[in-house]
Protein chains: 2
Amino acid sequence: MHNKLTIQDIARLAGVSKATVSRVLNHNPSVNGLLRERVQRVIKEHNFIPSVIAVGLADGHTRLIGVLAPPLTWPSVPEIMQGVAEYIEQTHYEMVLYSIGLERNHSDVLDNILRLKIVSGLLAIFPGELMSHLTYRFEQGFPLVTIDDQAEPTSLPWVGVDNHTSAYQATRYLLDLGHTRIAHLMGPQHYYCAIERYQGYAHALRDAGIILDPALVFQGTFVPDSGRQCAIQLFSREKSDWPTALFVANDQMAYGVLDVAEQLGIQIPEEITVVGFDDNNFSALTRPSLTTIRQPFSQMGRQALETLVTMIDQHHHTGKEALNHPEAEETQKSMHSEQEDTSPRIQIPTHLVVRTSSGVPRTLSIGL
Amino acid sequence: MHNKLTIQDIARLAGVSKATVSRVLNHNPSVNGLLRERVQRVIKEHNFIPSVIAVGLADGHTRLIGVLAPPLTWPSVPEIMQGVAEYIEQTHYEMVLYSIGLERNHSDVLDNILRLKIVSGLLAIFPGELMSHLTYRFEQGFPLVTIDDQAEPTSLPWVGVDNHTSAYQATRYLLDLGHTRIAHLMGPQHYYCAIERYQGYAHALRDAGIILDPALVFQGTFVPDSGRQCAIQLFSREKSDWPTALFVANDQMAYGVLDVAEQLGIQIPEEITVVGFDDNNFSALTRPSLTTIRQPFSQMGRQALETLVTMIDQHHHTGKEALNHPEAEETQKSMHSEQEDTSPRIQIPTHLVVRTSSGVPRTLSIGL
DNA sequence: TTGTATGCGTTATCAT
DNA sequence: ATGATAACGCATACAA
């Protein structure tokens, strides 16, 4: 076992100093071509990789990136993490996963992570009430990116989707199908994405010249059970009062709707069309399979991490610059404004996935 | 920002030396009571936490544990990870997640992880063909634990379930229900768990005095599509040749069976009972919901990590012992054998979850 | 271009 | 019991 191979050993083996090996390792151009090759040969031959720990200590730049995530059994989270993992695989960073349960004080968890100084940046996935805390840390200079659907936009770098437009498109799809009485099951009011999706829905109706009927807007909580309650309430009405389509603000609630419909013997999409939002794993397997807006979770994870890595590298460089040339204010300013310009809000396109839970309204299909 | 707070600062603030602060930090008993309290006060006041990086460098014991996992979108993996996360939260370790895609050479990934010397132990989840490599590393002295259902037992510490007994119980349940013609859809032959489950099935039949009918044993590959193919083949037979129950070796294949049954208009459980294995997330939501053997994935993750942490701590201590008292062979020997005694194969109990895909055989229900 | 010396934050080995 | 001081493995400013 060559377990204890250090840069010193390589130096000895190559007949040079540690410094030279270090330079070769870090692609420092000031190394003679032949010497460089010789050192690299020794490095390859012995499969030498510098200790990440030691490197971190020496240059104050750990190659570790923290990922703060809700329980991995939550919907969508594994898909996001997969994107994160895929991206990180092609970098020289490693991922430190902080999957937080519901019990502990999230604020303390965050403080600990930061005080341990073990990660040089953090991706926060669905951080919930931690947002303000995160924003504060970011403004203090800590590299931070978030994937969130709850908080209103802040100065924090953010990756997500355009909920308004996506909901608009879903509603537009229903209108194009011929539906005119389109109901909406909203998410909770304290979710910004719920507001946006509602507004996209309302917007599409308005553009179609249809007056939004408040009796067709239901309030849910994003969990299946609230979908069930909405469905029970809706289906207990006079059938003549039913909408012909229901746009549900997320798939989880749509599952509840489908569930109740099946129990009540209500045919979907024949009697009512159902469209969801998210395209979670299960949505292709429900009966009927769910037409829904696909959120590109994996891409979101990848994009978020790419953004974060860029930030960390910048942070690292400007840090050194600031140390060496404290007079170069101009340069720093321009870089800072450049960072401002690089829109910290990245929106990734969604698209509609048409499955079997949606169809033309009954009135029309009968007419054919 | 008190970002750059070091042990040196604490020492100055408390009017002592770094060494003393370090001793307090590590609960070294040789510190005067009053002094200890004073130092501790300063530490608390400033929320000081020693740098994990520096500690790692100094004592060669990084507080990082690696977790090598297949893509998180695989079934069961998020549940295992949740258990891992829950356990690690209550330790002083952090988790470095290596989620490997399908493309790269796993062997190289492993070598890199080990050569980086960034983690002091590794949990390998479903490592596939990496097993022999892992076993080698473990025998070289690297703390390693695995959660696997594919390889035959090795000397590697392992956490899992008793597949034979579990399959026996599932089959026994069907027998108790009154079924006598019970089919089995196996997993692939190169999965050890598939063999074990088949044997448990066969064992239960034998104990019930039933002769195993080879025409009722199907070969699958653990994916939904192979469940579909089995179902198509089975349902195309003369109905009089059908079994009254089908024990499927995992839930994924059972989904395929359910799918085909629905398309063919075959009633489950009225026309045929289906029982799965795993209790994946979807299994409670299928139509009909799936009766299955529940694998305690979360507990498995927790247990595996607990085992690993114990190993790492031992490894660390005995390492120091060996260094300081190389003559104490007796002690080491006994510890070594103790490690051998501590069965490296931990089996966590499963249990049957009865849902709606199973019932009494038709012949009996008609007779009532 | 290359080597030497110092520092990173902590633990551990010496003295005292 | 406590305080200097030398590792730990690497990067880097400085000297050559």
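Just so it is clear, the model here is predicted, and its values are computed rather than measured. Naming: A, B, ... by sequence-line order, numbering from 1 per chain. Computed over heavy atoms, backbone and side chain alike; hydrogens, waters and symmetry mates excluded.
The separation between B:R63 atom CZ and D:dC8 atom C1' is 13 Å, rounded to whole Å. Distance, B:D59 CG to C:dA12 P: 6 Å, rounded to whole Å. For the pair A:Q8 CD and C:dT4 P, the computed distance is 10 Å after rounding to whole Å. As a whole-Å value, the separation of B:L116 CG from D:dG9 P is 15 Å. With rounding to whole Å, B:R23 atom CZ is found 15 Å from C:dT10 atom P. Residue B:I49 contributes atom CD1, which lies 16 Å from atom P of C:dG9 at whole-angstrom precision. A:H92 places its NE2 atom 13 Å from the P atom of D:dA11, with the value rounded to the nearest Å. Between A:I10 atom CD1 and C:dG3 atom P there is a gap of 15 Å when expressed in whole angstrom units.
Looking at the side chain of B:V55, the nearest of the listed nucleotides D:dT12, D:dT2, C:dT10 is C:dT10. Picking from D:dT12, C:dG9, D:dA1 the nucleotide with the shortest atom distance to the side chain of B:A58 gives C:dG9. Considering only the side chain of B:L57, C:dG9 comes nearest among C:dT11, C:dG9, D:dC10. When distances are taken from the side chain of A:I7 to each of D:dG3, D:dC8, D:dA11, the shortest belongs to D:dA11. Side chain of A:L35, nearest nucleotide from C:dT2, D:dA11, C:dG9: C:dT2. Closest to the side chain of A:A19, out of C:dG3, D:dT2, D:dC10, is C:dG3. Closest to the B:N26 side chain, of the nucleotides C:dG9, C:dT2, C:dT11, is C:dT11. Between D:dC10, D:dT2, D:dG3, one nucleotide has an atom nearer to the side chain of B:V31 than all others, and that is D:dT2.
Nucleic acid contact class of B:S30 (heavy atoms, under 4.0 Å, all strands): base. Among the atoms of the strands shown, only primed sugar atoms or phosphate atoms (P, OP1, OP2) are found under 4.0 Å from some heavy atom of A:V16.
The phosphate of D:dT2 has neither OP1 nor OP2 within less than 4.0 Å of any side-chain N or O from B:T20. For C:dG3, the OP1/OP2 oxygens have a side-chain nitrogen or oxygen of A:S17 closer than 4.0 Å. Taking only side-chain nitrogens and oxygens, B:T6 never comes nearer than 4.0 Å to OP1 or OP2 of C:dG9.
The pair B:E86-B:R302 meets the salt-bridge criterion, with a side-chain N (NZ, NE, NH1 or NH2) lying under 4.0 Å from an Asp/Glu carboxylate O. Under a 4.0 Å N-O distance rule, the pair A:E37/A:R41 does not qualify as a salt bridge. Note on A:K18 versus A:D9: no salt bridge recorded, every NZ/NE/NH1/NH2 to OD/OE distance being 4.0 Å or above.
Taking only distance into account, the side chain of B:K18 meets the base of C:dT10 through a donor-acceptor pair shorter than 3.5 Å.
B:T146 and B:D148 share no side-chain donor-acceptor pair at under 3.5 Å. Side-chain contact annotation: B:E139 with B:S155, donor-acceptor N/O pair under 3.5 Å present.
With respect to A:I88, the side chain to side chain contact (heavy atoms under 4.5 Å, CB included) criterion is satisfied by exactly one of A:L123, A:L308, A:L305: A:L305.
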